[in-house]
Visitor: 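Handing you this structure, nothing more for now.
The figures here come from the full heavy-atom set of this structure, side chains too, leaving out hydrogens, waters and symmetry mates.
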Amino acid sequence: QVQFVESGGGLVQPGGSLRLSCAASGMIFSIRVMGWYRQAPGKQRELVASMRGSSSTNYAESVKGRFTISRDINKNTVSLQMDSLKPEDTAVYYCNTVPYQDYWGQGTQVTVAS
């Protein structure tokens with residue numbers, strides 16, 4: 001069974017940084033495009049960053065230049081380094097494949113507020 005376990009969220013002031021981590025299991029991780037999604041209150045879930053293999057990345061315009069996705073194929077983990085955080089980055093963050101599968105983890109809450 002596919003499983004994603006996210007961690008690393010928290011409360012941070014505007015301009016601060018957080019690093020999210022996700023452990024994936026139950027699939028052949030190395031061949032998957034992996035992504036980080038987020039869902040803010042009252043909004044649809046959106047894809048903010050994705051990574052194919054170990055070097056090809058894509059970012060939503062809203063996070064480009066501030067977020068960096070990375071992965072460790074040997075450890076089946078994917079991370080999201082988030083810098084220069086803004087209040088509008090507040091959301092629950094999830095990892096999943098791209099396109100996403102029907103199995104979602106519990107997510108990790110990121111709150112950017114002073």
Side-chain angles (χ1 to χ4, degrees):
Q1 182 177 349
V2 175
Q3 188 174 17
F4 304 105
V5 179
E6 301 92 348
S7 62
L11 173 63
V12 64
Q13 292 186 342
S17 297
L18 281 174
R19 185 175 180 85
L20 307 183
S21 295
C22 170
S25 60
M27 62 180 183
I28 303 175
F29 182 78
S30 61
I31 65 173
R32 296 287 191 173
V33 177
M34 292 299 300
W36 280 96
Y37 300 75
R38 69 185 181 187
Q39 186 167 23
K43 295 187 177 181
Q44 289 191 336
R45 195 169 295 178
E46 62 172 339
L47 177 66
V48 296
S50 63
M51 189 167 197
R52 180 187 302 274
S54 58
S55 61
S56 178
T57 59
N58 278 289
Y59 299 93
E61 283 299 321
S62 59
V63 307
K64 197 171 291 185
R66 300 187 298 120
F67 289 10
T68 304
I69 188 172
S70 60
R71 66 192 290 178
D72 186 329
I73 291 176
N74 292 326
K75 295 182 178 179
N76 285 10
T77 59
V78 59
S79 299
L80 186 68
Q81 177 67 38
M82 306 186 297
D83 299 316
S84 301
L85 282 162
K86 304 176 180 180
E88 51 263 44
D89 295 319
T90 295
V92 180
Y93 284 72
Y94 305 86
C95 71
N96 206 317
T97 56
V98 181
Y100 62 80
Q101 302 193 45
D102 289 337
Y103 305 97
W104 291 92
Q106 80 288 352
T108 186
Q109 174 72 48
V110 172
T111 302
V112 185
S114 54

Visitor: Do V92 and V98 share a hydrophobic cluster (ILVMFWY, side-chain heavy atoms under 4.5 Å, transitive)?
Guide: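 Yes, V92 and V98 fall within the same hydrophobic cluster.
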
Visitor: Do L47 and V33 land in one hydrophobic cluster if side-chain heavy atoms of ILVMFWY residues count as linked below 4.5 Å?
Guide: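 Looking at the clustering, V33 is in the same group as L47.
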
Visitor: Considering all heavy atoms of both residues, which atom of S54 and which atom of M51 are nearest to each other, and what is their separation?
Guide: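 Closest approach of S54 to M51, heavy atoms only: O-CE, 3.0 Å.
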
Visitor: Which pair of non-hydrogen atoms, one from Y37 and one from T97, has the smallest distance, and what is that distance?
Guide: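 Reported closest heavy-atom pair: OH-O, 2.7 Å.
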
Visitor: Look up atom CD in E46 and atom OG in S62, then write down how far apart they are to the nearest 0.5 Å.
Guide: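 Taking CD in E46 and OG in S62, the distance rounds to 5.5 Å.
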
Visitor: List the atom of E61, the atom of K64, and the distance in Å for their closest heavy-atom pair.
Guide: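 Nearest heavy atoms, E61 then K64: OE2-NZ, 2.7 Å.
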
Visitor: I'd like to know if the side chain of N96 and the backbone of Y103 have a donor-acceptor N/O pair within less than 3.5 Å.
Guide: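 Between the backbone of Y103 and the side chain of N96 there is a qualifying donor-acceptor contact (under 3.5 Å).
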
Visitor: Check whether more than 12 heavy atoms from other residues, nucleotides or ligands sit under 6.0 Å from atom CD of Q44, and answer yes or no.
Guide: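 Counting other residues, nucleotides and ligands, CD of Q44 stays at 12 neighbours or fewer.
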
Visitor: State, to 0.1 Å, how close S7 and T108 come at their nearest heavy-atom pair, and which atoms those are.
Guide: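 Shortest heavy-atom contact: C-OG1, 3.9 Å.
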
Visitor: Where do L85 and L18 land on the side chain to side chain contact (heavy atoms under 4.5 Å, CB included) test, with the steps shown first?
Guide: CA-CA 8 Å; L85 282 162; L18 281 174; 4.2 Å; yes

Visitor: Look up atom CZ in F4 and atom CE in M34, then write down how far apart they are to the nearest 0.5 Å.
Guide: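 Interatomic distance, F4 CZ to M34 CE, rounded to 0.5 Å: 5.0 Å.
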
Visitor: Same hydrophobic cluster for I69 and M27, using side-chain heavy-atom links shorter than 4.5 Å among ILVMFWY?
Guide: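 Yes, one cluster joins them.
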
Visitor: Between the side chains of Y93 and R38, is a donor N or O closer than 3.5 angstrom to an acceptor N or O?
Guide: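 Checked: Y93/R38 side chains pair up, N/O donor to acceptor below 3.5 Å.
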
Visitor: If two hydrophobic side chains count as joined below 4.5 Å and joins carry through other members, does W104 share a cluster with L80?
Guide: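 Unlinked, W104 and L80 end up in two clusters.
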
Visitor: With sequence neighbours excluded, what pairs up with S21 under the side chain to side chain donor-acceptor pair (under 3.5 Å) test?
Guide: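 Testing S21 for side chain to side chain donor-acceptor pair (under 3.5 Å), a comparison that skips the adjacent residues, returns none.
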
Visitor: Report the residues that fulfil salt bridge (charged side-chain N to carboxylate O under 4.0 Å, His left out) with R71, sequence neighbours left out, ordered by chain and then residue number.
Guide: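 R71 satisfies salt bridge (charged side-chain N to carboxylate O under 4.0 Å, His left out) with no other residue.
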
Visitor: Hey, could you give me the CZ/CG distance between R52 and N58, rounded to the nearest 0.5 Å?
Guide: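 Taking CZ in R52 and CG in N58, the distance rounds to 8.5 Å.
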
Visitor: Going by heavy atoms in the side chains, are D89 and F67 under 4.5 Å from each other?
Guide: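 Yes, side chains in contact.
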
Visitor: C22 pairs by side-chain contact (heavy atoms from CB on, under 4.5 Å) with which of T77, V78, N76?
Guide: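 In the set T77, V78, N76, the residue that makes a side-chain contact (heavy atoms from CB on, under 4.5 Å) with C22 is V78.
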
Visitor: Does the S79 side chain pair with the main chain of S70, one donor and one acceptor, at a distance under 3.5 Å?
Guide: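 No, because the side chain of S79 does not come within donor-acceptor range (under 3.5 Å) of the backbone of S70.
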
Visitor: Q109 versus T90: any side-chain heavy-atom pair under 4.5 Å?
Guide: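 Answer yes - side chains close enough.
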
Visitor: Taking salt bridge (charged side-chain N to carboxylate O under 4.0 Å, His left out) as the test, write out the residues that go with K86, two or more places apart.
Guide: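 K86: no salt bridge (charged side-chain N to carboxylate O under 4.0 Å, His left out) contacts found.
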
Visitor: So, for S17 and S84, which heavy atoms are closest and what is the spacing to 0.1 Å?
Guide: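 Heavy-atom minimum between the residues: OG-N, 4.4 Å.
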
Visitor: Looking at V110 and G9, what are the two nearest heavy atoms and their distance?
Guide: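 It is CG2-CA, 4.1 Å.
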
Visitor: Do Y59 and W36 share a hydrophobic cluster (ILVMFWY, side-chain heavy atoms under 4.5 Å, transitive)?
Guide: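 In one cluster: yes.
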
Visitor: Set out, in order, the CA-CA distance, both residues' side-chain angles and the distance that settles side chain to side chain contact (heavy atoms under 4.5 Å, CB included) for R66 and Q81, then state yes or no.
Guide: CA-CA 8 Å; R66 300 187 298 120; Q81 177 67 38; over 6 Å; no

Visitor: Is a donor on one side and an acceptor on the other found under 3.5 Å between the side chain of E6 and the backbone of C95?
Guide: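 Side chain of E6 to backbone of C95: a pair is present.
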
